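One structure is given below, encoded as structure tokens.
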Amino acid sequence: MKRIDLKETTSTNEVAKSLRERGENLVVTALRQTGGKGTKGRSFSSAAGGVYLTRLTFYENFPAADAFLIMASASVAVCRTLEKYGFEAEIKWPNDVYVHGKKICGILIENTFSGNKISCSVVGIGLNVNNELPPELSETAISMRSAAGKVFDREETENVLIEESGKISPMEEYRKRIGFLGRPVLLLSGERKIPARAVDVDERGGLLAEVGGEIKRFAAAEVSLRFE
């Protein structure tokens, strides 16, 4: 697979998308991003010392109904990478990865659809390795260095993540790393806060939660999840 390694860019996702017309699978990496983005347009801190990569993949026969597998596989890839360095990583639905109760990476996926198939995917992953995090994120975010109290080989971590992110993982791999099932949670929909108990995540990525004694299904586009 072709690699494009950059010292600095606004966003590896944007670089990868600009190369889609070539029709070739590739990985774009950067030592630093000046305009990293997470889901729902949120900014993602991308200082030097972290791993920032985007994998552009083309598919011949990937059903659109299975789109969540791409997101689930990206989360599992981050978990597997962290596990190789001794961390216990947990997934918070739909695709956040946590270590010690704090977020350690950002994942942004942009799929291109052709009818009922996915023709290509742009999977961006930003993993906090040795990078300094802004003080305002100290309560919610963490890096591998701050979690373990030591510096890691950033390039080696990048290569491990590139290898892991090239795999499509079954939903069982995703589910066994979910850390909140059975717990009380809050589901946020606009101004509405819905107390619930997380039960499972189905094959299409829907959250099954008990609300008022009834099991209901929620899509990630409809609600966001918070711990009580």
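Worth saying up front: this structure is predicted, and the values here are computed from it rather than measured. Sequential numbering from 1 along the given sequence is applied to the chain's residues.
- Shown here is R3, whose CZ atom has more than 12 heavy atoms of other residues, nucleotides or ligands within 6.0 Å.
- Pairing each heavy atom of E203 with each of R175, the nearest pair is OE2-NH2, 3.0 Å.
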So E158 and R154, salt bridge (Lys or Arg N to Asp or Glu O under 4.0 Å) or not? Walk me through it.
CA-CA 6 Å; E158 178 180 81; R154 193 211 65 82; 3.1 Å; yes
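- Enclosure of atom NZ in K193 is not indicated, since only 12 or fewer non-hydrogen atoms of other residues, nucleotides or ligands lie within 6.0 angstrom.
- Placement of V122 and I118 in two distinct hydrophobic clusters is found when ILVMFWY residues are connected by side-chain heavy-atom separations under 4.5 Å, directly or transitively.
- In this structure, N131 contributes its side chain and A47 its backbone to no donor-acceptor pair below 3.5 Å.
- Annotation: salt bridge (Lys or Arg N to Asp or Glu O under 4.0 Å) contacts involving residues 16-27, sequence neighbours excluded, comprise K2-E24, E14-K17, K17-E110.
- Relative to the six-membered ring of F227, R183 meets both conditions, a distance below 6.0 Å and an angle of at most 45° to the axis.
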What side-chain donor-acceptor pairs closer than 3.5 Å can you find for residues 205-218, not counting sequence neighbours?
residue	atom	partner	partner atom	Å
E210	OE1	R197	NE	2.9
E210	OE1	R197	NH2	2.8
R217	NE	D202	OD2	2.6

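- At least one donor-acceptor pair under 3.5 Å links the side chain of K102 to the backbone N or O of S138.
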List the steps and the verdict of side-chain hydrogen bond (donor to acceptor under 3.5 Å, both in side chains) for Q33 and T12.
CA-CA 8 Å; Q33 293 183 127; T12 55; 3.3 Å; yes
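- Side-chain N or O atoms of S146 include none that pairs as donor or acceptor with a backbone N or O of I142 at under 3.5 Å.
- Residue V129 forms a side chain to side chain contact (heavy atoms under 4.5 Å, CB included) with just one option from M144, R145, E155, and that option is M144.
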Go through the steps to decide whether L225 and F180 satisfy the test side-chain contact (heavy atoms from CB on, under 4.5 Å), and finish with yes or no.
CA-CA 10 Å; L225 182 148; F180 62 88; 3.8 Å; yes
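- Rounding to the nearest 0.5 Å gives a distance of 5.0 Å between OG1 of T57 and CG of N25.
- Applying the salt bridge (Lys or Arg N to Asp or Glu O under 4.0 Å) test to residues at least two apart or on different chains, the pairs with a partner in residues 84-95 are K84-E164, K92-D96.
- For the residue pair D5 and T29, a side-chain donor N or O sits within less than 3.5 Å of a side-chain acceptor on the partner.
- Here the closest non-hydrogen pair linking L56 and C120 is CD1-SG, 4.4 Å.
- A 4.5 Å side-chain heavy-atom check between L6 and T9 finds at least one atom pair inside the cut-off.
- Using a 3.5 Å distance cut-off with no hydrogens or angles, the side chains of Y59 and S119 do not pair a donor with an acceptor.
- Remark: F58 pairs with no residue by the ring-ring contact (aromatic ring centres under 6.0 Å, His included) rule, at least two apart or across chains.
- Of the possible polar contacts, none joining the S189 side chain to the R192 backbone as a donor-acceptor pair under 3.5 Å is found.
- Distance CD1/I178 to CG/L181: 5.0 Å, rounded to 0.5 Å.
- Hydrophobic clustering (ILVMFWY, side-chain heavy atoms < 4.5 Å, transitive): V28 and V160 are in distinct clusters.
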Verdict with reasoning, I125 to S165, per side-chain contact (heavy atoms from CB on, under 4.5 Å):
CA-CA 9 Å; I125 303 175; S165 65; 4.2 Å; yes
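- Hydrophobic cluster membership differs between I194 and V199, with clusters built from Ile, Leu, Val, Met, Phe, Trp and Tyr side chains linked at under 4.5 angstrom.
- Taking the side chain as every heavy atom from C-beta outward, N128 and L133 approach each other to under 4.5 Å.
- In terms of modelled atom types and a separation under 3.5 Å, the side chain of S11 and the main chain of N13 share a donor-acceptor contact.
- Closest approach of T54 to A16, counting heavy atoms only: CG2-CB, 3.6 Å.
- Residues passing the ring-ring contact (aromatic ring centres under 6.0 Å, His included) test with Y98, sequence neighbours excluded: none.
- V185 approaches A198 most closely through the heavy-atom pair CG2-N, 4.1 Å.
- There is a side-chain donor-acceptor pair under 3.5 Å between Y85 and E156.
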Evaluate side-chain contact (heavy atoms from CB on, under 4.5 Å) for R226 paired with S224, printing each intermediate quantity in order.
CA-CA 7 Å; R226 296 291 184 272; S224 55; 3.8 Å; yes
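- I91 is connected to I109 through a chain of hydrophobic side-chain contacts under 4.5 Å among Ile, Leu, Val, Met, Phe, Trp and Tyr, so both are in one cluster.
- Nearest heavy-atom pair, L82 versus V97, reported as atom, atom and distance to 0.1 Å: CD1-CG1, 3.9 Å.
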Let me have the donor-acceptor pairs involving side chains of residues 61-80, under 3.5 Å, with sequence neighbours excluded, atom names and distances please.
residue	atom	partner	partner atom	Å
N61	OD1	K117	NZ	2.6
D66	OD1	R204	NH1	3.1
S73	OG	L69	O	2.6
S73	OG	S169	N	2.8
S75	OG	M71	O	3.3
S75	OG	N95	O	3.4
R80	NH1	S169	OG	3.3
R80	NH2	E173	OE1	3.4

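- We find the NZ-OG1 distance between K103 and T140 to be 8.5 Å, quoted to the nearest 0.5 Å.
- No more than 12 heavy atoms of other residues, nucleotides or ligands sit less than 6.0 Å from atom CD of E139.
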